[in-house]
Amino acid sequence: MKKESIMAGKTVGTQGLVLNEPLVFEQGAPERTAFSLPQSDMLEKPPEDLLPRAYVRQEIQGLPEMSEVDVVRHYTRLSQWNYAVDLGFYPLGSCTMKYNPKINEDLAALVGFTHTHPYQGNTKSQGILRLMYELQAMLAEIVGLDAVSLQPSAGAHGELTGMLMIRAYHADRGSPRKKVIIPDSAHGTNPASSALCDYQAVSLKSDSRGLISPDLLAEAMEEDVAALMLTNPNTLGLFEEDILKVTEVVHAKGGLVYCDGANLNALVGIARFGDMGIDVVHLNLHKTFSTPHGGGGPGAGPVAVRENLAPYLPIPVVDKEEDQYVLRGERPKSIGKVRAFHGSFGILVRAYAYILSMGAEGLKEASQTAVVNANYLRTKLKRFYHLPYDRICKHECVFSDKLQNAFGVQTIHIAKRLMDYGFHPPTIYFPLIVHGALMIEPTETESKETLDQFVAAMEAIAGESQENPDIVINAPQRTKVTRLDETQAARFPCLTYSDLE
Ligand SMILES: *Cc1c(COP(=O)(O)O)cnc(C)c1O
């Protein structure tokens with residue numbers, strides 16, 4: 001496809017009818033309202049006569065006074081400035097921004113789920129407890145481990161929960177130990193989770209394949225190492241080929257292996273963490289198991305453990321006694337509660353619905369398609385972009401800006417230019433082991449047509465970088481606001497419309 005024709009409308013990006021919108025406080029007119037009620041036949045009383053004085057605010061001024069249509073247009077216009085998986089391709093590496101079937105939403109919205117109260121007790125919560133119990137069992141089967149807690153609210157929260165269990169396990173055996181080894185290809189949250197559990201994070205260099213070298217690991221593995229915390233597939237999108245040797249090296253010194261399983265989308269029905277020698281893993285239901293996410297929540301990051309760690313699982317645990325489901329609080333060695341009540345329950349319903357509607361074969365096929373899609377992009381894009389680790393990848397592939405650097409074009413420019421072509425940029429500058437990284441995760445829900453459009457845009461940008469680098473460096477031009485100073489934007493957000501002009 002020619003560059004010109006892409007910009008002339010063959011790409012998904014366009015411009016018209018994205019409307020300006022002032023702040024809600026700058027709109028409306030005195031006495032304008034969004035309702036009309038019949039004259040009240042009740043005696044009117046001032047609020048001070050009806051409420052305790054402390055609850056009557058005196059200082060509210062300048063609340064917008066608007067009609068219904070003004071309010072509807074305001075929020076609808078703002079929603080159109082946003083970008084979402086339901087609008088288009090969202091290749092944010094490591095985030096698994098796949099399309100989430102709407103049936104999951106319908107089921108999570110059933111009143112039987114939404115109208116229950118966490119204090120209504122086991123006997124009146126049988127359906128909910130059964131769903132949790134069965135979801136625990138399904139997740140345990142998918143990862144090949146023995147027990148699951150559904151409590152953690154996010155991936156990083158699952159990491160914290162898992163590391164607390166590892167600490168409790170070692171403490172029970174005499175000493176919590178001091179260090180946690182973390183490969184430089186692990187996710188950025190891993191060192192933080194270890195540090196929160198009072199462990200010293202020791203970085204392990206990946207080898208030239210972008211993988212963990214069992215020999216380097218053996219050198220670093222000492223008796224004071226509590227765990228190896230790895231991400232598999234790692235953040236380069238590569239499967240740790242020596243995983244069996246890796247876990248053996250750690251276990252030989254009495255250590256445990258934590259796996260960050262947020263990238264499970266590449267493995268469901270294909271490989272199981274339990275079979276790899278992993279002791280604890282967290283999953284991101286809001287990635288692999290089809291809950292919409294972004295913007296900070298909500299999420300669910302269940303942890304799965306091998307039998308020897310089960311005594312430390314957070315309480316309460318969902319269990320089954322004869323034909324009754326129960327929420328149990330007694331577990332003497334538990335690390336305690338990590339979340340109130342039943343966790344992010346609505347997300348558990350979505351995951352349950354997703355797993356049941358896909359079935360074992362469907363889940364496997366989803367993972368296979370995710371891997372095929374990532375490898376399709378890898379082989380297409382490596383003609384225009386530097387691919388530092390050129391191996392078959394799993395769910396994502398990582399390029400760099402090395403070839404474009406010669407023309408002054410950097411990763412940030414390529415990412416911004418993609419917005420002009422109507423695509424959400426990929427994850428950038430992560431993982432840190434690739435200088436100027438562009439981390440692309442297409443997921444299984446994208447069609448070949450979408451992937452081809454994305455490749456065409458990336459090809460066009462590579463061409464522009466060479467022939468007309470300024471157009472890339474000064475991107476985006478076709479968006480609502482053009483280039484922001486990102487540091488300033490985060491520190492000093494514009495709070496009035498006039499600030500934007
Ligand atoms: C997304 C992700 C996390 C963190 O998950 P949150 O739910 O955002 O806390 C951790 N590790 C990996 C590999 C991830 O992709």
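The model shown is predicted, which means the values in this text are computed figures rather than measured ones. Read the numbers this way: they start at 1 and go in the same order the structure lists the ligands and their atoms.
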**Q** Is it possible for you to check whether R167 lies under 6.0 Å from the centre of the six-membered ring of Y169, through NZ or CZ, and within 45° of that ring's axis?
**A** no
**Q** Quiz question: by atom type and distance under 3.5 Å, do the side chains of S206 and D184 form a donor-acceptor pair?
**A** yes
**Q** Looking only at side-chain N and O atoms, does E240 offer a donor or acceptor that is under 3.5 Å from a partner on N234?
**A** yes
**Q** Collect the protein residues that have a non-hydrogen atom under 4.0 Å from ligand 1 and hand them over in chain and number order.
**A** S94, A154, G155, A156, E159, H187, T189, T231, D260, A262, N263, N284, H286, K287
**Q** Would you say the side-chain atoms of E444 and N265 include a donor-acceptor pair closer than 3.5 Å?
**A** yes
**Q** Answer with yes or no whether the side chains of H187 and T189 bring together a donor and an acceptor at under 3.5 Å.
**A** yes
**Q** Going by an N to O cut-off under 4.0 Å, is there a salt bridge joining D106 and K102?
**A** no
